[in-house]
Amino acid sequence: MSREMKEFKTEKCSLLPMGSGLNGENLHFSINTKEALDKVILFEHGTRKVAGYARVQEEEHFGDLYAFRVLNAAHYDYALMAGEKYIRDEYAKAVNHYRLEDGTELETYSTYVDDFDWQDDERIFHPFEDSVMYRLHVKGFTKHHSSGVQNRGCYAGIVEKIPYLLELGVTTVELMPAYEFDEQIMSGRARGTKNYWGYGTANYFAPKAGFSRYGKGSQINEFKEMVRELHKNQIEVIMEFHFVEGTSPHTIMDALRFWVLEYHIDGIHANFNVAPLNMIKSDPIISMVKIISNYDTGENMENYGHFRNKRRFAIMNDTYIVQERRFIKSDDDQVSGMMEQLRRNPHSHAIINYISNHNTMSLMDSVSYEVKHNEANGEKNTDGTDYNYSWNCGVEGPSRKKKVQQLRRKQIENAITLLLLSQGTPMLYAGDEMGKSCRGNNNPYCQDNEISWLNWNDLKTNHGIFEYMKKMIQFRKENVILHQEQEPHMMDTRSCGCPDLSYHGAEPWKVDQSYNSRSFGFLYSGYYGKNGDADIYVVCNMNWDRRMFAIPYLDKKKNWEIFAASEEDDSITSVQRVLSVNPRTICVLTSRQKKENEKIKEKAEEKE
């Protein structure tokens, strides 16, 4: 260290709180590291210009713990050193990156005074049964030039797209990792490639600087602005955390509490093979928000949360995507499994149903590609799952054939219909509503480019898909029977002459669940809604030929009418007795009260 450089004095301080922060005009540190921390380098704020240093004294560390304050250093950025090596401050609240002349990268940290104006912000809670989730990558959502936002690839870009989210009908946004993750993969066969998704080593307390307009500490307030504006529009914010193996449970708990309190997030989606779920479920701060797990951990979460009458714990339902994809592409022996997934809605926890995700083929690709095409990842197409349960509708990849395009559109609408008429909480992966394609890549973990980014021109090209998605989301919201607090009993529990949910086949009440069956119907009774809901009858014909379906009887005061169909068919006219359904088509019927002239006509026909 240069003799001309200013040396700052230090003094011993309390071990708590952990991490770094301001203490008056001083910088407080409480660091847990196995490295021999001996210096703090101080930088002019927002620059890489060194302002001085401080030596860590022997009496200021206790085993692997270091607790000290650097006097009169509150206005500086800092870095930690062990000998000649920089070490990570895992509790850092803001991270700055600088490219040095020799090509290496310098990472410094900033502290801040919390002066953000939340404007009476309140945490949002939508019960899982009333939620429509939308999972996105902060950068990929608006980075493409077609997004039309001023702040492309930033937190502020999401704010600019709030009207779009509201039009679609989204209640909840889930952010893929938006904390300060390492952008280069440093181990495994993907070593040296771009880390686009954000899974891996990270500073879990710091919002991602690369997702902000300016960086250099501005990411803190920019993230808060995003949350505040989403909350103003009654949209929840859920953060995904992926903790690497070996992360201390204490650090995980501190990080999750920090995000709940400091950034007002409404939920946490974490990998609970590392995160300590048994500690999280009893924590008074974290239990204020929703918790989502990737799989069933075996923990009893029935009473999780402060509001025992509303579920706050959910599990990602991986079975759903497999079951639905196999059913709509007409695989054998799928009817009984699809029936089960439609009604599944456990009392102990919510389930999140989805039809595509970051590590699957997109919805458009699932009807456009038979096999994965991950060559761009540089692993000779060996990465990513080989089990996509996809069907290319006759042509591999993009096609100009009108019949192929029409069939793909129909299959997409079939998938949307089943997802939004199933009882579990639906989760959309950003871009599916506009026909986003990743060119057949089902594992674009390193594709920080147009393969992963949303191309908003797709919204014009596939506007019909967007309109259909929007229509079905609104339909789900308007009919409480489609999103109940608990799984349907499939019994007449209200003595109204009809169960809450029933299954049917070519004839009412006679569903064919045999190996070769590819069609069934299901009826939601409006008597079990809260607002005088209509009855809803859905016919699913995944056969490759037209089929006839007898329609369940309604009382004499009601008629059936078609609400939606994945293929418009002029031959479908009267639906009061028998419905003729085209191949690979789903029809949604709703009941309505008969008009007076219809009643008079029926009486006349009866007299004849």
Side-chain angles (χ1 to χ4, degrees), residues 323-344 391 407 410-411 413-423 472 475 479 481-482 488-492 496-528 534-556 558-592 602 605:
Q323 183 63 68
E324 184 176 306
R325 286 190 177 184
R326 295 194 66 185
F327 176 69
I328 66 171
K329 79 184 189 76
S330 306
D331 281 357
D332 293 326
D333 197 25
Q334 298 303 310
V335 168
S336 59
M338 193 68 246
M339 290 165 52
E340 179 185 355
Q341 290 302 314
L342 276 164
R343 67 177 181 267
R344 190 172 173 220
W391 177 49
L407 181 53
K410 186 200 291 191
Q411 290 291 76
E413 291 183 356
N414 286 337
I416 292 169
T417 302
L418 289 175
L419 175 68
L420 291 166
L421 299 187
S422 298
Q423 287 293 317
M472 294 308 299
F475 184 65
N479 292 275
I481 188 64
L482 297 175
H489 295 90
M490 298 182 63
M491 298 173 61
D492 183 7
C496 59
C498 189
D500 49 6
L501 172 64
S502 54
Y503 295 113
H504 306 267
E507 298 180 44
W509 309 101
K510 296 181 180 179
V511 61
D512 180 3
Q513 300 183 58
S514 66
Y515 183 83
N516 294 318
S517 176
R518 291 174 174 83
S519 62
F520 73 100
F522 56 99
L523 172 63
Y524 284 116
S525 172
Y527 287 110
Y528 295 84
D535 302 297
I536 299 171
Y537 186 58
V538 184
V539 181
C540 307
N541 179 24
M542 293 300 113
N543 293 285
W544 35 84
D545 57 355
R546 182 187 291 269
R547 294 294 173 98
M548 305 296 290
F549 294 85
I551 307 301
Y553 174 75
L554 284 174
D555 67 50
K556 293 183 178 181
K558 295 179 179 179
N559 266 343
W560 286 115
E561 63 181 11
I562 295 177
F563 170 76
S566 55
E567 180 177 39
E568 299 298 332
D569 187 349
D570 294 336
S571 68
I572 298 177
T573 54
S574 174
V575 294
Q576 306 316 310
R577 295 286 186 270
V578 177
L579 183 65
S580 175
V581 182
N582 276 339
R584 302 187 189 278
T585 298
I586 296 178
C587 288
V588 181
L589 312 181
T590 58
S591 65
R592 64 170 175 81
E602 285 184 357
E605 290 174 348

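Excluded from the calculations below are hydrogen atoms, water molecules and symmetry mates; all remaining heavy atoms, backbone and side chain alike, are included.
- Between L589 and L579 the shortest side-chain heavy-atom distance falls below 4.5 Å.
- Distance check: I536 CD1 to L482 CG gives 4.0 Å after rounding to the nearest 0.5 Å.
- Here F522 contributes atom CZ and Y537 contributes atom OH; the two are 9.5 Å apart, rounded to the nearest 0.5 Å.
- Residues R592 and N559 have side chains in contact (heavy-atom distance under 4.5 Å, counting atoms from C-beta outward).
- The two residues F549 and C540 come nearest to each other via the heavy atoms CZ-O, 4.4 Å.
- Note that CG of N516 is 14.0 Å distant from CD of Q513, once rounded to the nearest 0.5 Å.
- Residue pairs meeting the salt bridge (Lys or Arg N to Asp or Glu O under 4.0 Å) criterion with at least one member in residues 511-520, sequence neighbours excluded: D332-R518.
- Taken to the nearest 0.5 Å, the CG atom of D333 stands 8.0 Å off from the CZ atom of R326.
- Put simply, the side chain of K410 gets close to the backbone of P583: a donor and an acceptor are under 3.5 Å apart.
- To the nearest 0.5 Å, atoms CG (L418) and CD1 (I328) are separated by 7.5 Å.
- For S502, the side chain to side chain contact (heavy atoms under 4.5 Å, CB included) test picks out P499, H504, W509, L523, with sequence neighbours left out.
- In this structure S330 satisfies the side-chain hydrogen bond (donor to acceptor under 3.5 Å, both in side chains) test together with R584, sequence neighbours excluded.
- Contacts of F475 classified as ring pair (Phe, Tyr, Trp, His ring centres under 6.0 Å), with partners at least two apart in sequence or in another chain: F563.
- Residues R546 and T585 form no side-chain contact, since every pair of their non-hydrogen atoms from C-beta on lies 4.5 Å or further apart.
- In this structure, the side chains of F327 and M542 come closer than 4.5 Å at one or more pairs of heavy atoms.
- Counting heavy atoms from C-beta on, the side chains of L342 and F520 come closer than 4.5 Å.
- Separation of atoms CG (D331) and CZ (R325) is listed at 12.5 Å; rounding is to 0.5 Å.
- Residues that satisfy the side chain to side chain contact (heavy atoms under 4.5 Å, CB included) test with Q323, not counting sequence neighbours, are Q334, M338, Q341.
- Side-chain contact between W391 and L407: present, with at least one pair of heavy atoms (C-beta onward) separated by less than 4.5 Å.
- Shortest non-hydrogen contact noted between I551 and W560 is CG2-NE1, 3.1 Å.
- Shown here for V581 and N541, the closest heavy-atom pair between the two residues is O-ND2, 3.2 Å.
- In this structure P488 satisfies the side chain to side chain contact (heavy atoms under 4.5 Å, CB included) test together with R343, Q423, D500, L501, sequence neighbours excluded.
- Side-chain contact annotation: D535 with Y528, donor-acceptor N/O pair under 3.5 Å absent.
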